[in-house]
Amino acid sequence: MFGANLVKPLEQDWRETLDDVARARGWPTSREVAKLSARVADLSRAYNDSMHARAPMRDAGAARLVFAFARDVPKGAGAVRELVATGSLPSDRPLRVLDVGAGLGAMTWGLVRAIEAAGRSSVEVEATWVDEDALALQLGRDIVNARARAGSHAFELRRVAGSLAAVAELGKFDIILAGHVLSELDVGTAADARLAQHVMVLRRLIDRNLEQDGALVVVEPALRDRTRHLHRIRGALVSLGFRVFAPCLHGAPCPALVRDSDWCHEDLAVDLPPWLIPVARVAGLRHQGLTFSYLVMRKGGSRALVDALDPRPGAGRLRLVSEIMRSKGKSEAFLCGEFADGGALVAARGRVARLRRHHDHANWIQLKRGDVVTLDPAPELKRDESR
C-alpha cells in the first residue's frame, strides 16, 4: 500500500494538548470518561443522522475536540498518503493549503503529519482555514499554539470565518482539503439536485482555487449512502475533464454503482489512541480500525496514482476493494482496475482467486483492503462474478 506507514494514531503527548484546551473551556477531558462518552455518543448520533449530519462547536465542543479530532487526523493522513508517498505534491515552494470547512483543522494536521512521517519535515506549510464556525477556528488556533509551545512542528495559519463563498478571493492553492464537508451541505435536498450542487461546488474550487499541479482531497464518512454519493460526484467530475488521482486507478464509470448494495471505502489498521478506547467503549463505538471514504481529483493532464505503477504490457493495475476471503484450498478478493477481456484491458470490478498451490499465494494472503497491486498477466474478467 502506498504510504500506509504515513498514517498513525496521535501520540500520547497529544492527550495533554487536547485535554488542556478542553480544560481551559471547562469541558470534560479524556480522563472524565463518563461525562465525555455521553457527549461522544450524542455527537455520533448527530453525524450519522443523514437529515442533520452536523454538530456546531457550541453544542458538541468537548466531543469534537477531545475525541473526534483524534479520529479525524489519521483520516486526513490516509486520504493524502498516496500523494505524499509518490512525491505528487509540489516541493519547490512552500505548500499552500486551503482547508474548507476546516473546523479544528484535523485534515491539515493529517497532511502535515503524513509529510513529516515521509521524512519531509523541512517542507513549509502555509494553511488557510475556512469555516462558518468561528469558535471551531479559535479552538483550532489554540491547538496549533499549544503544539508550538510543546516544540511540535508548526505551520503558518490564516483563519477565515465564513461560508464557502469566502473562498472566491483567496487565490490559488497546491492542495485543497474538504473533510466531512459534503455531508453537511444541502441536507434534505433531492439526490439529483444535491449531486449537481456538490459537483458545482467542487468544480469551482478546482477551477478557481487549485494550482495546475495541485490536488483536491475530499474525505467523507464510510457510510454507504454518503460514499455512493461521492462515487457519483467522481463520475461527474471525470466527465468534466478532471482526473482521478486516487483511490481509483481508472476514470471509467464507477463499478460500485452498478448494485445498490456496493460501495468502496477504506478500512485501515489504525486504531484510536489508547487513552480514548475507554471513551469509545462506553459510548458504544468501535475503536479498532479507521474507516472513511475519500476522493483525490486533479486537473486534466496531471499525473495520477496509476502512473506510479509498472505499466507492463498485459499486466493489470488494481486496488483491493475488499478483505481477502479465505475458503478451502483458495483465497479470493474483489479488485477494481484493469482486467483482461477479449484480448484488451478494461476497467472493471471483479472477483480474483488464488489457489493455495499458486506460487504467489503466500504473498496474496498478506494483502489488505486498499492495497494497490500489479498482476501479470491481468486477471480475466468473469462478468458473472464482476458484481
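Worth knowing before you read on, the calculation uses all heavy atoms, side chains too, and leaves out hydrogens, waters and symmetry mates.
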Answer yes or no: is there an ion pair linking [X] with [Y], defined by an N-O contact shorter than 4.0 Å?
X	Y	answer
D225	R194	no
K368	D371	no
R93	E126	no
E266	R81	yes
D20	R149	no
R147	D13	yes
D131	R159	no
D42	R39	no

Between [X] and [Y], is there a donor-acceptor pair closer than 3.5 Å when you use the side chain of the first and the backbone of the second?
X	Y	result
R319	G370	yes
S44	A41	no
R243	K299	no
R317	H250	no
D174	P90	no
R234	C248	no
R232	L257	no
T227	R224	no
D186	T189	no

Under a 3.5 Å cutoff, is there a donor and acceptor pairing between the side chains of [X] and [Y]?
X	Y	answer
S331	R354	no
W129	T108	yes
E220	S183	yes

Please round to the nearest 0.5 Å and tell me the distance separating atom [atom1] of [X] and atom [atom2] of [Y].
X	Y	atom1	atom2	value
C254	L230	SG	CG	9.5 Å
L10	T17	CG	OG1	9.0 Å
D271	R71	CG	CZ	7.5 Å
I175	R298	CD1	CZ	9.0 Å
K75	L268	NZ	CG	11.0 Å
L135	R64	CG	CZ	8.5 Å

> Between R158 and L170, is a side-chain contact (heavy atoms from CB on, under 4.5 Å) present by the stated rule, with each step listed?
Replying inline: CA-CA 11 Å; R158 172 174 56 159; L170 296 179; 4.0 Å; yes

>> Taking salt bridge (charged side-chain N to carboxylate O under 4.0 Å, His left out) as the definition, give me every residue that meets it alongside K35, ordered by chain and number, with sequence neighbours left out.
In response: E32

Under 4.5 Å between any side-chain heavy atoms of [X] and [Y], yes or no?
X	Y	answer
L164	L185	yes
V201	Q197	yes
V296	E82	no
D72	W109	no
V352	F339	yes
L202	L182	yes
M297	L210	no
E11	R113	yes

>> With side-chain contact (heavy atoms from CB on, under 4.5 Å) as the test, pick out the partner of L318 among V306, L375, T374.
In response: L375

>> Please identify which of these residues, L111, D99, V80, V97, meets the side-chain contact (heavy atoms from CB on, under 4.5 Å) condition with V217.
In response: V80

> Under the side-chain contact (heavy atoms from CB on, under 4.5 Å) criterion, do I233 and L195 qualify, and how do the steps go?
Replying inline: CA-CA 7 Å; I233 288 173; L195 172 64; 3.6 Å; yes

> After noting the C-alpha distance and the side-chain angles of R25 and L65, does the key distance pass the side-chain contact (heavy atoms from CB on, under 4.5 Å) rule?
Replying inline: CA-CA 11 Å; R25 296 275 171 176; L65 171 65; 5.9 Å; no

Would a single hydrophobic cluster contain both [Y] and [X], if residues Ile, Leu, Val, Met, Phe, Trp and Tyr are joined by side-chain heavy-atom contacts under 4.5 Å?
X	Y	result
L216	L295	yes
I277	V66	no
M200	F242	no
F245	F292	yes
V238	I176	yes

Grab the two heavy atoms, one from [X] and one from [Y], that are nearest each other, plus how far apart they are.
X	Y	value
V279	S37	O-CB, 3.6 Å
V40	A283	CG1-CB, 4.0 Å
P313	D376	O-OD1, 4.5 Å
E332	A353	CG-CB, 3.6 Å
S293	C264	CB-O, 4.3 Å
R228	D262	NH1-O, 2.7 Å

> Should the ring pair F69 and W14 be called parallel, tilted or perpendicular, given that the plane angle runs from 0 to 90° and is split at 30 and 60?
Replying inline: tilted

Within a 6.0 Å radius of atom [atom1] on [X], are there more than 12 heavy atoms belonging to other residues, nucleotides or ligands?
X	atom1	result
Q12	CD	yes
R204	CZ	no
D192	CG	no

>> V373 vs W364, test: side-chain contact (heavy atoms from CB on, under 4.5 Å). Steps then yes/no.
In response: CA-CA 10 Å; V373 296; W364 172 260; 5.7 Å; no

> How would you list all residue pairs meeting ring pair (Phe, Tyr, Trp, His ring centres under 6.0 Å) that involve residues 252-282, not counting sequence neighbours?
Replying inline: W263-H265

